[in-house]
2 protein chains.
Amino acid sequence: MSRNDLASSACAVARSIEKVGDTWSLMLMREFFLGTRRFEALHRNTRISPHVLSGRLKAMCAEGIIEKRQYSEHPPRDEYLLTEKGRDLWPVVMALMTWGEKWLDGPEAVALRHKACLQEMRPTLVCPECGEPVTARDVAAHVTEEFAGERCTGSDKG
Amino acid sequence: MSRNDLASSACAVARSIEKVGDTWSLMLMREFFLGTRRFEALHRNTRISPHVLSGRLKAMCAEGIIEKRQYSEHPPRDEYLLTEKGRDLWPVVMALMTWGEKWLDGPEAVALRHKACLQEMRPTLVCPECGEPVTARDVAAHVTEEFAGERCTGSDKG
DNA sequence: TTGACTCCCTTCAAATACGGAAGCTAGCCT
DNA sequence: AGGCTAGCTTCCGTATTTGAAGGGAGTCAA
């Protein structure tokens with residue numbers, strides 16, 4: 001199966017992966033959350049080759065994750081800004097950061113401060129119903145009957 | 001830059017991306033969290049080609065995200081189980097699921113129940129200091145001075 | 001003991017994507 | 001006029017992925 005076929009999956013995870021589940025899209029999301037907006041800066045900070053960078057930016061614009069905006073008319077200069085859809089990917093980047101800090105050696109180069117309470121912190125996952133922290137072990141996941149056995153075949157049932 | 005260079009990045013997000021930031025590793029993580037353990041089932045449910053699947057499973061074993069265990073001696077049959085390191089990737093998959101359900105059309109094929117309170121829910125991110133829900137807008141992120149300007153160059157400063 | 005079947009992969013050829021360097025356009029600056 | 005910057009595009013060789021096929025080790029049923 002090719003990546004593109006994931007778009008029609010019955011599973012939201014697969015559909016998301018099709019949109020942003022690749023190395024360079026994820027690197028770009030990190031960079032956007034750090035505030036980078038311009039082509040050259042994205043290129044420098046991520047080391048993505050201009051060719052691939054150009055392609056990813058176009059795809060992410062088409063997808064509505066970022067939008068291109070001219071910030072100077074003379075000379076004409078563009079920047080890329082996260083849309084609300086794009087900002088909603090923040091938990092993905094946070095999750096990767098938290099995992100990397102726990103399990104992969106290396107420095108913690110980014111500080112996060114909650115604007116409301118002014119504490120430095122790492123966001124954690126909780127159950128919104130009872131407020132308790134949750135991990136994989138605390139939650140039972142199951143494919144609903146309607147979709148049993150068709151993880152990747154949202155449209156083409158057999 | 002090639003993907004492998006991300007491993008030495010000063011940024012935990014980049015280091016994580018190098019390990020699990022690709023389509024098929026993420027698809028496999030989803031599948032493991034749904035309880036799939038065997039080569040053939042992983043192949044069927046994700047439609048990853050056997051070649052790539054084999055490679056990813058080896059890499060993930062080497063990385064300590066999953067481990068191979070023989071569940072039958074006659075015939076010799078193996079299964080792949082998440083390690084604690086692997087289970088800790090659950091928030092990444094949850095984040096992708098939540099985003100996909102909100103922003104990408106398609107069904108919600110997976111139910112999640114918090115074992116402690118028995119409610120169906122989607123985990124949410126909160127600030128562990130004050131308990132309030134957090135989004136990208138609520139948190140100020142900045143690269144610590146020590147690492148300013150070297151997002152991807154943890155080891156080779158210039 | 002033969003033939004069919006399952007599981008867990010491996011091998012191979014063709015298609016695709018990527019990396020790195022170079023180039024190109026538009027405009028500014030001196 | 002010459003050089004500089006930003007924001008890309010083009011090119012080409014290499015690396016990765018896909019999809020199909022194959023293979024080995026074992027079970028099972030006749």
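Below, chains carry the letters A, B, ... as their sequence lines are ordered, and counting in each starts from 1.
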Under 3.5 Å side-chain donor-acceptor pair for Y71(B) and R38(B): yes

Non-hydrogen atoms of L53(A) and F39(A) that approach each other most closely: CD2-O, 3.6 Å

Whether K115(B) side chain and R137(A) backbone form a donor-acceptor pair below 3.5 Å: yes

Which atom of R87(B) lies closest to which atom of A136(A), heavy atoms considered: O-CB, 4.0 Å

Length of the line joining M27(A):CE and dC18(C):P, which is rounded to integer Å: 15 Å

E79(B) vs K68(B), salt bridge (Lys or Arg N to Asp or Glu O under 4.0 Å): CA-CA, chis, key distance, verdict: CA-CA 6 Å; E79(B) 62 186 1; K68(B) 193 174 183 171; over 6 Å; no

Position toward the 5' end of DNA chain D (nearest nucleotide), I48(B) or K58(A): K58(A)

Do any N or O atoms of the protein come closer than 3.5 Å to N or O atoms of nucleotides 20-30 of chain C, and which pairs are they?
residue: dG20(C); atom: OP2; partner: M1(B); partner atom: N; Å: 2.4

Sugar-phosphate only, base, or nothing, as touched by V52(A) at under 4.0 Å among non-hydrogen atoms: sugar-phosphate

Whole-Å gap separating P (dT10(C)) and CZ (R56(B)): 15 Å

5′-ward residue of the pair K68(B)/W24(A) relative to DNA chain C: K68(B)

Separation between CD1 of I17(A) and OG1 of T46(B), rounded to the nearest 0.5 Å: 10.0 Å

Shortest non-hydrogen contact between V139(A) and W90(B), atoms and distance: CG2-CH2, 3.6 Å

Outermost nucleotides of DNA chain D that come under 4.0 Å of a non-hydrogen atom of chain B: dT17(D) to dT27(D)

Sidechain N-carboxylate O distance under 4.0 Å for R15(A), D105(B): no

Distance in angstrom units between D22(A) CG and dT16(C) P, rounded: 18 Å

Whole-Å gap separating C1' (dC7(C)) and CG (L53(B)): 13 Å

Note: E63(A)-K85(A) ion pair, threshold 4.0 Å (strictly below): yes

Separation of dC8(C) P from I66(B) CD1 (nearest whole Å): 13 Å

Y71(B) OH to dT6(C) P, straight-line distance once rounded to whole Å: 14 Å

